[in-house]
Number of protein chains: 2
Amino acid sequence: MMDQMTIFSDYIRSKGLKNTCQRKTILEAFLASKSHFSTEDLYLKLRKQHPNIGYATVHRTLKLFAECGIASELDFGDGQTRFEPLDINQHHDHLVCTNCGLIVEFTEPRIEKLQEQVAARYNFKIERHRHELYGLCPKCAKAQLV
Amino acid sequence: MMDQMTIFSDYIRSKGLKNTCQRKTILEAFLASKSHFSTEDLYLKLRKQHPNIGYATVHRTLKLFAECGIASELDFGDGQTRFEPLDINQHHDHLVCTNCGLIVEFTEPRIEKLQEQVAARYNFKIERHRHELYGLCPKCAKAQLV
DNA sequence: GGAGAAATTGAAAATGACAATCAGAAAGCT
DNA sequence: AGCTTTCTGATTGTCATTTTCAATTTCTCC
């Protein structure tokens, strides 16, 4: 199994792009980062150690990660695109707390299977899907009863 | 079962808002409209008969519809928020063609049931969800083989 | 029916996330 | 090293959405 660094450098090479130190730095920060961060989150985090890396570069590089398949873009409807490192073996969807913003990942193979059946029913050729459950996390649900 | 007009006027009254002829006009156009339209779609449609209704008013009124539960906001990730009249009895999700933009509604009670199980597993209190399948509709899938 | 308070309207401007621009800098091929 | 191509980052542009604000309309209470 290729790791994410290899996937990215292979992609770079295959497209005739260049290996720059900014991209290397951003890739490292990306892999070390917790999931579900926005461009701004990563930019601010990087700026501490690397004040010379611009917002646009972070943005473009994250797009590259998504293109080559090591990141996926998330949109929870709050007007900010988030990213997460993508592990090809393990697809998951998300529970989002509408109160505190907590994000929990879940997998449910039976839902995946039913999705395929739905697609077949309408003769669609599915490329990707988005499945998010919004509500209150245990902590916020409890707090709201008080 | 209350109809959507009643739900809206009750909501207006309960919030101390006012019944204006613009809101009445927009509500009628909204109910007569096919699903999955953007603010701009409805604005342009209205403008033919009611050139005096502004974009901002259409936008604010659609937000009101969503607030009181007679509309739902859809976001298919193309940078435009869409709306659809919400029929409380009949929840559905969407298939979206990434090539031609065709939108098909589907229902799958077994998925809904599994979602509840997932929520229970994580002790989440679900308020709503988003479930969209993106891919090629039959026509575009066929065209791509050529 | 009409005065007064409060909400609404619509044109225009502001906002904010994202994308594009462009001149100077860096990378990589030979 | 020289040369060509890509990259960078500050800035600007874009576009849907939201806010502003003065004028208008609605609704309540006489």
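Order of the sequence lines fixes the chain letters, A, B, ..., with proteins taken first and strands second; residue numbering starts at 1 for each chain.
Partner of A:His131 under the side-chain hydrogen bond (donor to acceptor under 3.5 Å, both in side chains) criterion, out of B:Glu132, B:Arg130, B:Gln115: B:Gln115 alone. Across B:Glu73, B:His94, B:Lys34, a single residue satisfies side-chain contact (heavy atoms from CB on, under 4.5 Å) together with B:Glu84, and that is B:His94.
Within the nucleic acid shown, B:Lys15 has no heavy atom closer than 4.0 Å to any nucleic acid atom. Nucleic acid contact for A:Thr57: base, since at least one base atom lies under 4.0 Å from a heavy atom of the residue. Residue A:Thr81 is in sugar-phosphate contact alone, with no base atom involved, counting any heavy-atom pair closer than 4.0 Å across all strands shown.
No hydrogens or angles were tested; on distance alone, a donor-acceptor pair under 3.5 Å links the side chain of A:Arg60 to the base of D:dG9. Residue side chain B:Lys18 reaches the base of C:dA6 through a donor-acceptor N/O pair under 3.5 Å, judged by distance alone.
Residue A:His59 has a polar side-chain atom (N or O) positioned under 4.0 Å from OP1 or OP2 of C:dA19. Between A:Thr20 and the phosphate of D:dT8, there is a side-chain N or O to OP1/OP2 separation shorter than 4.0 Å. Within the structure, a side-chain polar atom (N or O) of A:Lys63 is placed less than 4.0 Å from OP1 or OP2 of C:dA19. Distances shorter than 4.0 Å separate some side-chain N or O of A:Arg23 from OP1 or OP2 on D:dT8.
Using modelled atom types, no side-chain atom of A:Glu127 and backbone atom of B:Cys97 make a donor-acceptor pair closer than 3.5 Å.
Positionally, the nearest nucleotide of DNA chain C for B:Gly16 lies more toward the 5' end than for the other of B:Gly16 and B:Tyr43. The nearest heavy atom of DNA chain D to B:Tyr55 and to B:Gln22 marks one nucleotide each, and the one closer to the 5' end goes with B:Tyr55. If you find the closest nucleotide of DNA chain D to B:Gln80 and to B:Cys21, the one lying nearer the 5' end belongs to B:Gln80.
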A:His36 vs A:Phe83, ring pair (Phe, Tyr, Trp, His ring centres under 6.0 Å): CA-CA, chis, key distance, verdict: CA-CA 5 Å; A:His36 321 122; A:Phe83 294 84; over 10 Å; no
